[in-house]
Amino acid sequence: MSRRDELAANLETVRGRIAAACGEAGRDPGEVRLVVVTKYFPASDVRLLAELGVTDVGENRHQEAEAKAAECADLGLTWHFIGGLQSNKAAAVAAYADVVESVDRVKLVAPLARPGRAVDVLLQVSLDPPGREGRAGADPADLAALAARVAETEPLRLRGLMAVAPLGEDPDPAFARLAAVHRDLLADHPGATWLSAGMSGDLEHAVRHGATHVRIGSAVLGSRPSVQ
Ligand SMILES: *Cc1c(COP(=O)(O)O)cnc(C)c1O
């Protein structure tokens, strides 16, 4: 089987899962955007995905993302940065990323705001208990201040929230908590309608709780190399 056929078959399976999850949740599949996470996979795969109708790709490491976005600049894709951000890299990320999903502290906001780059911003919220090792994302208690800062910063656009389900926990209650946090955000920022949640293993739970974007890596591209 060619790589193209393999990706096409995997995409069909994932799109079918999204459609089925939307059916069960009484949602229109057109409300859920598929972001294919291409980290650790080559630009040639990104090219095949674009040919197969993928419009949005996600990357989590700055140097790799920057190189791939440059190599694939002709494809007209929407690039999502979904990885941990350092404040000294944020300006460079905003040069190629159309959506930055991992904004979790105020310190990142000013460097992301590049003149003429109307980057879409999602605030990453932590669903882990406070103090958990390796915890990424803002504490829900700190979101209102962070949202206000993004909303007042031109030319950034506050679009919504992103989260990852906690490891080793049932994703269903975690995504229910996320949906509640999103409702609070929407009360102050009615335009912040995007909710990026759900990966290869838990997209059905995320769709049930209102995800508008799912970030799918291994279910489309296969398992990532173990040496990262
Ligand atoms: C890698 C990654 C994904 C995709 O994970 P899969 O389990 O391979 O679908 C989604 N979101 C984030 C933040 C990631 O880093």
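Heavy-atom basis, side chains included; hydrogens, waters and symmetry copies ignored. Read the numbers this way: they start at 1 and go in the same order the structure lists the ligands and their atoms.
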Parallel, tilted or perpendicular: which describes the rings of Tyr96 and His62, with under 30° parallel and over 60° perpendicular? parallel
Under a 3.5 Å distance rule, please check whether Ser102 uses its side chain to pair with a backbone N or O of Gly83 as donor and acceptor. yes
Taking 4.0 angstrom as the limit, do [X] and [Y] come out as a salt bridge?
X	Y	answer
Arg208	Glu24	no
Glu169	Arg177	yes
Arg17	Glu204	yes
Asp74	Arg47	yes

Distance under 4.0 Å to a non-hydrogen atom of [X]: what atoms of ligand 1 satisfy this?
X	answer
Lys39	1 (C), 2 (C), 3 (C), 14 (C), 15 (O)
Ser218	6 (P), 7 (O), 8 (O), 9 (O)
Ile216	9 (O)
Arg215	4 (C), 9 (O), 10 (C), 11 (N), 12 (C), 13 (C)

What is the nearest protein non-hydrogen atom to [atom], stated with its residue, atom name and distance?
atom	answer
atom 12 (C) of ligand 1	Ile82 CD1, 3.5 Å
atom 6 (P) of ligand 1	Ser200 OG, 3.5 Å
atom 10 (C) of ligand 1	Met199 SD, 3.1 Å

Are any of the N/O atoms in Gly201 less than 3.5 Å from those in ligand 1? no
Taking a hydrophobic cluster as the set of Ile, Leu, Val, Met, Phe, Trp and Tyr residues connected by side-chain heavy atoms closer than 4.5 Å, whether directly or through intermediates, do Leu146 and Val125 fall within one such cluster? yes
Does ligand 1 have a heavy atom under 4.0 Å from the side chain of Glu101, from its backbone, from both, or from neither? neither
